[in-house]
Amino acid sequence: MQQKEDNLKSIISHAKEYGFVFPSSEIYDGLAATYDYGQLGAELKNNIKAYWWKSMVQMHENIVGLDSAIFMHPTTWKASGHVDAFNDPLIDNKDSKKRYRADVLIEEAIEKIRQKIDKEVAKGLKRFEDAFNEAEFRATNPNVLRNVEKITEIENRMRETLGNNDLDGVRNLIIDLEIVCPVSGTKNWTEVRQFNLMFSTELGSVAGDAATIYLRPETAQGIFVNFLNVQKTSRLKIPFGIAQIGKAFRNEIVARQFIFRMREFEQMEMQFFVRPGEEMKWYDYWKSERIKWHKALGIPETSYRFHDHIKLAHYANAACDIEFDFPMGFKELEGIHSRTDYDLKQHEEHSGKKLQYFDPEINENYVPYVIETSIGVDRMFLAVLSSSLKEEQLENDTRVVLSLPAALAPYKVAVMPLTKKDGLPEKAREILNVLKFDFNCVYDEKDSAGKRYRRQDAIGTPYCVMVDHQTLEDNTVTIRDRDTMEQERVAIEDLAGIFTDRCSMKTLLM
RNA sequence: GCGGGCGUAGCUCAGGGGUAGAGCAUCACCUUGCCAAGGUGAGGGUCGUGAGUUCGAAUCUCAUCGCCCGCUCCA
């Protein structure tokens with residue numbers, strides 16, 4: 001574990017030192033669990049997304065892309081179940097360690113007062129028997145009135161504090177009511193925390209006139225609400241898929257472990273619509289497709305494993321994760337879920353619109369079933385980065401090398417002149433100016449050749465082109481390989497072809 | 001949320017009441033010219049932030065923010 005801890009630490013500092021990932025707003029001491037991608041991180045992240053997009057959208061005739069808005073109609077989240085499932089103010093009792101819904105505790109306290117009133121009424125009934133007028137008693141008895149007033153006051157406070165999201169107010173109410181934990185019997189309460197996974201904001205700039213809307217907690221719903229739009233305009237027939245890459249936001253209680261769990265993160269999701277009854281076939285298909293996508297990167301296969309869900313979410317009839325061996329152990333990298341027709345049916349119900357497909361093959365209308373593949377871009381980034389960063393023992397020293405899959409590397413080629421004179425820099429720039437149309441290249445002429453190689457090793461550049469004196473004579477250069485450290489001499493005119501063969505996405509997709 | 005550890009230069013860290021340090025990195029010049037760490041010089045830190053104690057705080061105290069780990073939570 002110590003080893004693992006050190007691994008994550010060294011990844012974090014390497015990521016910062018070379019401009020992959022910075023703590024966000026660092027000059028203001030940072031913002032919890034928020035990170036910015038630096039100059040190299042942005043390249044790597046873009047390449048990861050490009051690999052996914054190419055493989056999912058452009059390599060499949062029956063999958064198309066989508067880019068839906070982060071803001072969605074609030075009813076979307078009612079339909080998806082997110083509003084109800086994650087909207088509770090919770091409070092913990094420090095002694096019993098039990099967690100309660102704050103509003104339920106208060107309501108129970110109100111209920112107790114109600115019972116007091118009922119007792120009072122029962123007492124009155126006993127006393128006056130037949131002459132008892134309950135309505136009048138309730139309207140006049142001082143004890144009852146006092147308790148009714150108390151309830152009204154509590155209810156007002158509860159409505160006000162919960163409505164304003166005034167969690168301290170909710171806690172004060174619990175303290176004032178002297179509510180005790182049913183288990184421990186103590187009043188040793190934590191703060192009240194709003195366990196709503198969704199971030200909310202207001203649409204419309206006029207206060208009071210504004211509607212609360214949410215930042216999407218998953219990109220999937222943008223696909224579901226556009227299901228018919230896409231299907232009708234694309235002429236796609238079931239089975240077909242809609243893929244999307246985009247930001248999602250979850251107000252996690254504990255966001256941690258570097259970029260593994262952030263409150264703002266990016267997802268790559270694909271929803272595959274199938275005929276009901278055929279979902280398990282496609283579920284298995286996508287399980288094998290997705291693991292293939294990962295394994296094509298050349299990361300050791302032992303770094304991956306499937307984890308089948310035993311307890312299924314309310315919407316799923318089968319689900320598994322692809323787990324990756326991160327520095328902190330095997331954790332979820334991608335989820336593959338058979339979501340049934342739950343989402344589309346929910347949206348039909350809440351919108352009143354039919355979200356069905358007419359299947360000409362069987363001459364039937366139905367709500368399609370859905371297989372979802374959902375992978376976190378940031379997690380994929382961490383997976384690639386952590387599995388690539390190595391310290392290698394050489395004969396007389398060590399080198400830090402980031403053995404990124406060439407197609408994902410920020411720079412594909414570093415072009416460098418052996419010396420800063422004799423026209424070598426000019427020649428090197430000439431080569432770079434041709435290559436840069438097809439490959440992200442970097443130029444470096446400072447320090448010794450060895451040192452420059454090491455610098456490129458540290459940022460994962462797979463190839464270095466060295467321009468030397470022989471270049472001026474016969475238009476050949478050497479290509480130095482990051483992983484083997486070996487060099488080969490090739491003609492300048494062959495460079496583009498060689499790098500295409502070795503660095504393009506095609507190498508991963510074949 | 002609880003418990004533990006930590007915060008000093010871009011990175012790794014030393015220092016521990018009396019004017020801010022090292023290695024690497026960066027920049028300039030020289031040297032060398034195919035696997036880093038040759039020479040000379042330079043830049044860079046109000047020691048996470050804020051209060052307090054003190055003649056004096058990076059150092060002691062408190063609070064706060066942030067990071068890492070474990071538990072918890074989430075799925």
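Labels below follow one simple rule: chain letters A, B, ... track the order of the sequence lines, proteins then strands, and each chain is numbered from 1. Small disclaimer: the values here were computed from a predicted structure and weren't measured.
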- prompt: If you check every side-chain atom of A:K446, which of B:A28, B:C34, B:G10 has the closest atom?
  reply: B:A28
field: Polar contact flag, side-chain donor to acceptor under 3.5 angstrom, A:H82-A:Q221
entry: no
query: How is A:Y35 classified with respect to the nucleic acid when contacts are heavy atoms under 4.0 Å: base, sugar-phosphate, or nothing?
result: sugar-phosphate
query: Given the C1' atoms of B:A14 and B:A9, what is the spacing between them in whole Å?
result: 13 Å
field: Proximity to the side chain of A:R452 - top-ranked nucleotide from B:G33, B:A36, B:C34
entry: B:G33
- prompt: A:L418 has an atom CG; how far is it from atom C1' of B:U32, in whole Å?
  reply: 10 Å
query: Is any NZ, NE, NH1 or NH2 atom of the basic residue among A:K287 and A:D308 found under 4.0 Å from an Asp or Glu carboxylate oxygen of the other?
result: yes
query: Given B:C67, B:C68, B:C74, which nucleotide is nearest the side-chain atoms of A:R261?
result: B:C74
task: Go through the N and O atoms of the side chain of A:Y453 and the base of B:C34, and report whether any donor-acceptor pair is under 3.5 Å.
output: yes
query: Charged N to carboxylate O under 4.0 angstrom, A:R489 versus A:D468?
result: yes
message: Categorize A:D457 for me: base, sugar-phosphate, or nothing, with a 4.0 angstrom heavy-atom threshold over every strand shown.
response: nothing
message: What I want to find out is whether A:K292 reaches A:E289 closely enough, with some N-O distance under 4.0 Å, to be called a salt bridge.
response: yes
message: Apply side chain to side chain donor-acceptor pair (under 3.5 Å) to residues A:T219 and A:E269 and explain how you reach the verdict.
response: CA-CA 7 Å; A:T219 55; A:E269 293 197 315; 2.6 Å; yes
query: To the nearest Å, how far apart are A:R482 CZ and B:A36 C1'?
result: 18 Å
- line: Among the nucleotides B:C69, B:C34, B:C11, whichever has the atom closest to the side chain of A:L8 is B:C69
- prompt: Can you tell me how far C1' in B:G70 sits from the matching atom in B:C13, rounded to whole Å?
  reply: 25 Å
task: Could you work out the separation of B:G38 and B:A25 based on their P atoms and round it to a whole Å?
output: 9 Å
query: Distance between the P atoms of B:U26 and B:G18, in whole angstroms?
result: 34 Å
query: Given B:G10, B:C69, B:C34, which nucleotide is nearest the side-chain atoms of A:M328?
result: B:C69
field: Of the listed nucleotides B:C68, B:G10, B:G33, the one nearest the side chain of A:F258
entry: B:C68
field: Residue A:S448, side-chain atoms from C-beta onward, closest of B:C34, B:A36, B:G66
entry: B:A36
task: Using only side-chain N and O atoms of A:K16, determine if any of them is under 4.0 Å from OP1 or OP2 of B:C11.
output: yes
message: Applying the Watson-Crick and G-U wobble criteria at under 3.5 Å, what pairs with B:U26? Answer none if nothing qualifies.
response: B:A42
- prompt: When the P atoms of B:U53 and B:G21 are considered, how many whole Å apart are they?
  reply: 29 Å
Upstream residue (5' side of RNA chain B) when A:D29 and A:R454 are each assigned their closest nucleotide: A:R454
Charged N-O contact under 4.0 Å between A:E430 and A:K427: yes
message: Within the 4.0 Å heavy-atom criterion, would you say A:T398 contacts the bases, only the backbone, or no part of the nucleic acid?
response: base
message: The side chain of A:E17 is closest to which nucleotide in this list: B:C69, B:C74, B:C11?
response: B:C11
Residue met sooner reading RNA chain B from 5', once A:R399 and A:G30 are mapped to nucleotides: A:R399
- prompt: A:P410 and A:N440: which non-hydrogen atoms are nearest, and at how many Å?
  reply: O-ND2, 2.8 Å
statement: A:M466 CE to B:A36 P, in whole Å, measures 12 Å
task: For B:G43 and B:C27, measure between their C1' atoms and round to the nearest Å.
output: 7 Å
- request: Name the nucleic acid region contacted by A:Q487, choosing base, sugar-phosphate or nothing; use a 4.0 angstrom heavy-atom cut-off, strictly under.
  value: base
message: Rounding to an integer number of Å, can you tell me how far A:Q257 CD sits from B:G70 P?
response: 6 Å
Counterpart base for B:G66, defined by Watson-Crick or G-U wobble contacts under 3.5 Å: B:C6
task: Please measure how far the P atom in B:U64 lies from the corresponding atom in B:G1, and state the result in whole Å.
output: 11 Å
- prompt: For B:A75, does either OP1 or OP2 sit under 4.0 Å from a side-chain N or O belonging to A:K331?
  reply: no
Atom C1', compared across B:G44 and B:C6: separation rounded to whole Å: 24 Å
task: Let me know the distance between CD1 of A:I27 and C1' of B:G7, rounded to the nearest Å.
output: 18 Å
Rounded interatomic separation in angstrom, taking OH from A:Y18 and C1' from B:A25: 8 Å
message: Any strand counts, and the cut-off is 3.5 Å on both contacts for Watson-Crick or G-U wobble. Which nucleotide pairs with B:A14?
response: none
Nearest listed nucleotide, side chain of A:R489, among B:A36, B:C34, B:C67: B:C34
Steps toward side chain to side chain donor-acceptor pair (under 3.5 Å) verdict (A:D378, A:Y37): CA-CA 10 Å; A:D378 311 279; A:Y37 288 86; 2.6 Å; yes
message: Once you apply a heavy-atom cut-off of 4.0 Å, does A:D447 come out as touching a base, just sugar-phosphate, or nothing?
response: base
query: Please give, in whole Å, the distance from B:C11 C1' to A:E391 CD?
result: 13 Å
- line: Atom CZ of A:F22 and atom C1' of B:C11 are separated, to the nearest Å, by 12 Å
message: Does B:C73 have OP1 or OP2 under 4.0 Å away from a side-chain N or O of A:R250?
response: no
